[in-house]
Trainee: 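Let me begin by handing over the structure; questions about it come next.
Atoms considered below: every heavy atom in the structure, side chains included; atoms not considered: hydrogens, waters and symmetry mates.
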Amino acid sequence: MFAMAGGIVLSLGNLATQYAWAYVGLSVTEVITASITVVIGTTLNYFLDDRINRAEVLFPGVACFLIAVCFGSAVHKSNAADNKTKLQNFKSLETTSSFEMETISASNGLTKGKAKEGTAAFLIELEKQRAIKVFGKSTIIGLVITFFAGICFSLFSPAFNLATNDQWHTLKHGVPKLNVYTAFFYFSISAFVVALILNIRFLYWPILGLPRSSFKAYLNDWNGRGWSFLAGFLCGFGNGLQFMGGQAAGYAAADAVQALPLVSTFWGILLFGEYRRSSRKTYTLLISMLLMFIVAVAVLMASSGHRK
């Protein structure tokens, strides 16, 4: 049950993250969720693992992650202000019509070719292509979804820790504990079932203004489905390796896998054009966030111990 509970919160966190990407962006979403995961999850794992990680090293690392969360929120707020400035030709983001969007697109040269990343035309084209419309929406919505995802992610590793080590002594005397691979099986099954139920539910009763669809339409539309399968396989392998490492060196130190935002920020900036042509303030906050994150991951790895 602990392993399955871990799979449930992981599935909820993954789904929430996909909504948060539209509002907050890939870079900041991953940093905030990963940092919350470390601040809450690593602290829980430290006490569950009977303090096998070095506290004098571990908790300064957790503090660095917490600072990275603050920087991430500041980056999002600053970048949102930059985008609003770029789109100042609109009388109001909340009342912009599709005709106005087309007019602005033409005046920025969008109809003659691909818009330059970071320009108003690029933001308009992105808004037209994405399923979740964010123009005129409060930035608070994205941050609330992001923090919810972070809290979900912070609970799946401690739940798995309880499943394999039974720190709460829920098993009867003489009953063997689950090994990592058996627990991971139940973990994955519950994550799959929850994802299946929620996605079918959101197909017919969507949220955040998304269009209604059907299971038949889902099966007929394979655009981008290959990337989805690849993401699922990578997530599965990553989780399995994290749990194997946690069982050997302590689940608190294994949370060093939260270095993933360093990769996602690379993708977001270089491949998806995030933060292009932003203000100096945004760039300063972004660099500060990444530097703090690098320090936090290094300190967290240095705290690793050895399970007896």
Trainee: Taking the side chain as C-beta and beyond, is there a heavy-atom pair between D166 and V175 under 4.5 Å?
Mentor: no

Trainee: Establish whether V180 and L171 are linked, either directly or via other cluster members, by ILVMFWY side-chain heavy-atom contacts under 4.5 Å.
Mentor: no

Trainee: Mind telling me whether F160 and Y251 have parallel, tilted or perpendicular rings, with 30° and 60° as the class edges?
Mentor: tilted

Trainee: For side-chain contact (heavy atoms from CB on, under 4.5 Å), just list the numbers for M289 and L285, CA-CA rounded to whole Å, side-chain angles, deciding distance to a tenth of an Å, and then say yes or no.
Mentor: CA-CA 6 Å; M289 177 186 73; L285 289 170; over 6 Å; no

Trainee: Counting distance only, does the side-chain N/O of S190 pair as donor-acceptor with the main-chain N or O of M4 below 3.5 Å?
Mentor: yes

Trainee: With side chains defined as the heavy atoms from C-beta onward, is the minimum distance between F153 and T17 less than 4.5 Å?
Mentor: yes

Trainee: Might you point out which heavy atoms bring I145 and A16 nearest each other, and give the distance in Å?
Mentor: CG2-O, 3.2 Å

Trainee: Consider only side-chain heavy atoms of I, L, V, M, F, W and Y, link residues closer than 4.5 Å, and tell whether V193 and L12 are in one cluster.
Mentor: no

Trainee: Assess, by modelled atom type and distance only, whether the side chains of N179 and T182 contain a donor and an acceptor separated by less than 3.5 Å.
Mentor: yes

Trainee: Between N165 and N161, do the side chains contain an N or O donor and an N or O acceptor separated by less than 3.5 Å?
Mentor: yes

Trainee: If you measure from CG on L162 to OG1 on T170, what distance do you get to the nearest 0.5 Å?
Mentor: 8.0 Å

Trainee: Locate the shortest heavy-atom distance separating L58 from S303; write the atom from each residue and the value.
Mentor: CD1-OG, 3.5 Å

Trainee: Got a donor-acceptor contact below 3.5 angstrom from the R51 side chain to the A55 backbone?
Mentor: no

Trainee: Which heavy atom in A20 sits nearest to a heavy atom in G142, and how many Å separate them?
Mentor: CB-O, 4.3 Å

Trainee: In terms of hydrophobic clustering (I, L, V, M, F, W, Y; side-chain heavy atoms under 4.5 Å; direct or indirect links), are L291 and V295 co-clustered?
Mentor: no

Trainee: What's the spacing between Q247 CD and D49 CG if we round to 0.5 Å?
Mentor: 8.0 Å

Trainee: What distance do N45 atom CG and I52 atom CD1 have between them, rounded to the nearest 0.5 Å?
Mentor: 9.5 Å

Trainee: Measure across A3 and A163 and return the closest heavy-atom pair with its distance rounded to 0.1 Å.
Mentor: N-CB, 3.6 Å

Trainee: Would you check, one step at a time, whether the test side-chain contact (heavy atoms from CB on, under 4.5 Å) holds for Y218 with R225?
Mentor: CA-CA 10 Å; Y218 176 83; R225 200 62 54 81; 3.7 Å; yes

Trainee: When you check the side-chain N and O atoms of N79 and T282, is any donor under 3.5 Å from an acceptor?
Mentor: no

Trainee: Calculate, to the nearest 0.5 Å, the distance between atoms OH and CG belonging to Y19 and L210 respectively.
Mentor: 5.5 Å

Trainee: Check the pair Y204, F215 against ring-ring contact (aromatic ring centres under 6.0 Å, His included), reporting the backbone distance first and the verdict last.
Mentor: CA-CA 8 Å; Y204 291 93; F215 191 65; 8.1 Å; no

Trainee: Once you round to the nearest 0.5 Å, how far does CD1 of I189 lie from CZ of F184?
Mentor: 10.5 Å

Trainee: Taking the six-membered ring for Trp, are the ring centroids of F243 and F187 within less than 6.0 Å of each other?
Mentor: yes

Trainee: Looking only at atom types and distance, does a side-chain atom of T33 sit under 3.5 Å from a main-chain N or O of T29, one as donor and one as acceptor?
Mentor: yes

Trainee: Hey, do the aromatic rings of Y275 and Y283 have their centres closer than 6.0 Å?
Mentor: no

Trainee: Does one hydrophobic cluster hold both V24 and I151, with members joined at side-chain heavy-atom distances below 4.5 Å?
Mentor: yes

Trainee: Evaluate the side-chain proximity of F65 to V297: yes if any heavy-atom separation is below 4.5 Å, no if none is.
Mentor: yes

Trainee: Examine distances only and state if a side-chain atom of D82 and a backbone atom of S278 form a donor-acceptor pair shorter than 3.5 Å.
Mentor: no

Trainee: Side chains of F71 and L290, heavy atoms from C-beta outward: is any pair under 4.5 Å?
Mentor: no

Trainee: Tell me which one of N199, I200, V194 satisfies side chain to side chain contact (heavy atoms under 4.5 Å, CB included) with L196.
Mentor: I200

Trainee: Can you find a heavy atom in the side chain of V39 that is under 4.5 Å from one in the side chain of S154?
Mentor: no

Trainee: Begin with the C-alpha distance, continue with both residues' side-chain angles, and end with the deciding distance and a verdict on side-chain contact (heavy atoms from CB on, under 4.5 Å) for Q242 and F156.
Mentor: CA-CA 11 Å; Q242 176 184 357; F156 81 85; 3.9 Å; yes

Trainee: Flag yes if I207 and Y23 sit in one hydrophobic cluster, no otherwise; membership is Ile, Leu, Val, Met, Phe, Trp, Tyr, and two members link when side-chain heavy atoms are under 4.5 Å apart.
Mentor: yes

Trainee: Determine whether P211 and P206 make a side-chain contact, defined as any pair of heavy atoms from C-beta on separated by less than 4.5 Å.
Mentor: no

Trainee: Counting only heavy atoms not in F2, do more than 12 sit closer than 6.0 Å to its CZ atom?
Mentor: yes

Trainee: Once rounded to the nearest 0.5 Å, what's the spacing between atom CG of L10 and atom SG of C235?
Mentor: 5.5 Å

Trainee: Give the minimum heavy-atom separation between R277 and K86, together with the two atoms involved.
Mentor: O-CE, 3.2 Å

Trainee: Hey, are the side chains of T37 and T42 touching, using non-hydrogen atoms and a 4.5 Å cut-off?
Mentor: no

Trainee: Can you name the closest pair of heavy atoms from A296 and C64 and give their distance?
Mentor: CB-CB, 3.5 Å

Trainee: Does a side-chain heavy-atom distance below 4.5 Å link Y46 with R54?
Mentor: no

Trainee: To which residues is F148 joined in a hydrophobic cluster, defined by side-chain heavy-atom contacts under 4.5 Å among Ile, Leu, Val, Met, Phe, Trp and Tyr, whether direct or through other members?
Mentor: none

Trainee: Under the side-chain contact (heavy atoms from CB on, under 4.5 Å) rule, what do L66 and S35 come out as? Steps first, then yes or no, please.
Mentor: CA-CA 6 Å; L66 185 59; S35 299; over 6 Å; no

